[in-house]
There are 2 protein chains.
Amino acid sequence: MNTAHRNAPRPDLAAMVVPLGRALMAAEKPVLDAHDLTMWAYAVLCHLDETPLRTQAALAEAIHADKTRIIAVLDDLESRGMLTRRPDPKDRRVRLLSLTPEGRRLRDTVRAAVQNGEERLLGQVPAADREAFLRSLRTLYEMSQGRR
Amino acid sequence: MNTAHRNAPRPDLAAMVVPLGRALMAAEKPVLDAHDLTMWAYAVLCHLDETPLRTQAALAEAIHADKTRIIAVLDDLESRGMLTRRPDPKDRRVRLLSLTPEGRRLRDTVRAAVQNGEERLLGQVPAADREAFLRSLRTLYEMSQGRR
DNA sequence: TATTGTTATACTCTATAACTATA
DNA sequence: TATAGTTATAGAGTATAACAATA
């Protein structure tokens with residue numbers, strides 16, 4: 001006899017969320033590849049525009065990356081003219097990061113493609129549930145990131 | 001001017017789901033540590049009971065692990081009396097895997113603790129949305145795993 | 001002396017390839 | 001020869017520690 005239903009009316013949240021996340025990333029990958037972007041590069045593009053950041057360390061923390069890890073990413077994006085990295089005149093140790101217009105265009109293009117794919121998935125969720133799902137996901141996400 | 005709202009009425013699904021998954025795993029960790037279980041070991045305990053499996057390779061595939069990776073996990077769980085691994089008399093190459101009563105007890109204890117923590121999180125989601133969220137999450141998870 | 005960014009090194013996790021035992 | 005399981009090796013990704021420039 002299977003007693004699982006007594007103790008587990010549902011699978012663990014983590015057991016659904018983590019694999020779903022992996023699948024979403026896998027679905028993103030072809031889009032990113034088509035634009036020669038790594039996942040980290042895309043994260044940089046997405047985050048940089050929303051919140052202009054004064055230091056690389058702050059950017060790294062924002063996207064949950066190690067500060068040493070995003071350096072190659074920034075090198076690449078800078079060399080491709082997607083962002084600029086200039087020393088702050090007030091403190092020449094820090095690098096002021098900003099997206100170029102091309103960087104913003106690239107981000108918009110990729111994001112549109114990514115979200116287009118995601119919409120196809122969301123289409124399988126009953127319309128009546130969709131709003132509540134997105135609202136809840138956002139709540140849980142923000143809580144998990146410590147902004148409540 | 002921030003034009004993000006035009007192109008991104010919401011953050012990417014992946015950008016919310018993946019970090020949420022990381023946070024859920026981090027929240028699980030102390031519970032697992034308290035019972036000397038790795039994430040993989042817990043995954044084995046959870047999956048083994050639901051679907052009795054005849055080969056280790058099948059188990060590995062079910063939890064999205066490499067077959068070489070779960071061997072140390074099985075060694076450990078077996079030595080602790082949480083599962084048995086006996087050769088199939090019909091084909092002595094394959095190992096029949098089954099959870100012992102202690103293994104089932106351990107799984108139940110840990111799962112209860114894990115889900116207890118998750119319920120606290122879910123409590124922050126408006127009750128009206130909670131059902132729809134769980135239903136949708138399950139749908140998306142199952143779709144992403146190829147069972148539709 | 002402390003901090004930002006960078007480079008070099010070491011470590012962890014994961015997958016690939018080689019081996020054994022059965023068939 | 002083919003397959004299940006195991007072991008050994010190599011690779012990718014990540015973090016730690018040392019370094020240079022600036023304050």
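Throughout, a chain's letter reflects where its sequence line sits, starting with A, and its residues are numbered from 1.
- The side chain of D91(B) lies closest to dA23(C), out of dA23(C), dT6(D), dT6(C).
- Nearest to the side chain of R69(A), among dG5(C), dA15(D), dG5(D), sits dA15(D).
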Salt bridge (Lys or Arg N to Asp or Glu O under 4.0 Å) between R10(B) and E118(A): does it pass, once the steps are laid out?
CA-CA 11 Å; R10(B) 58 166 174 81; E118(A) 291 180 344; 3.1 Å; yes

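- A side-chain contact (heavy atoms from CB on, under 4.5 Å) with Q56(A) holds for exactly one of V44(A), I71(A), T68(A); it is I71(A).
- Taking atom CG of L53(B) as the reference point, atom P of dG5(D) lies 10 Å away to the nearest angstrom.
- Distance K67(A) NZ to dT14(D) P: 17 Å, rounded to the nearest Å.
- Shortest non-hydrogen contact noted between R111(A) and Y42(A) is CA-OH, 3.3 Å.
- In this structure, CG of D88(A) is placed 12 Å from C1' of dA23(D), rounded to the nearest angstrom.
- Residue L96(A) contributes atom CG, which lies 9 Å from atom P of dG5(C) at whole-angstrom precision.
- Nearest to the side chain of R92(B), among dA15(D), dG5(D), dT22(C), sits dT22(C).
- Each of L97(B) and K90(A) was assigned the nucleotide of DNA chain D with the nearest heavy atom; the assignment lying further toward the 5' end belongs to L97(B).
- Straight-line distance from the CZ atom of R54(B) to the C1' atom of dT3(D): 11 Å, rounded to whole Å.
- In this entry the distance linking CD1 of I63(B) with C1' of dT14(C) reads 14 Å, nearest Å.
- Atom CD1 in I71(B) sits about 14 Å away from atom C1' in dT14(C), given to the nearest Å.
- Protein atom CD1 of I70(B) is 15 Å distant from nucleotide atom C1' of dT7(D), rounded to whole Å.
- For R93(B) against dT3(D), a side-chain N or O and a base N or O form a donor-acceptor pair under 3.5 Å.
- Around the CD atom of E102(B), the shell of radius 6.0 Å holds more than 12 heavy atoms that belong to other residues, nucleotides or ligands.
- Using a 4.0 Å cut-off, some side-chain N or O of W40(A) falls inside it from OP1 or OP2 of dT14(D).
- Counting heavy atoms from C-beta on, the side chains of D36(A) and R80(A) come closer than 4.5 Å.
- Comparing T55(B) and H64(A) against DNA chain D, the residue whose closest nucleotide sits nearer the 5' end is T55(B).
- Among the nucleotides dG5(C), dT16(D), dT6(D), the one closest to the side chain of D66(A) is dT16(D).
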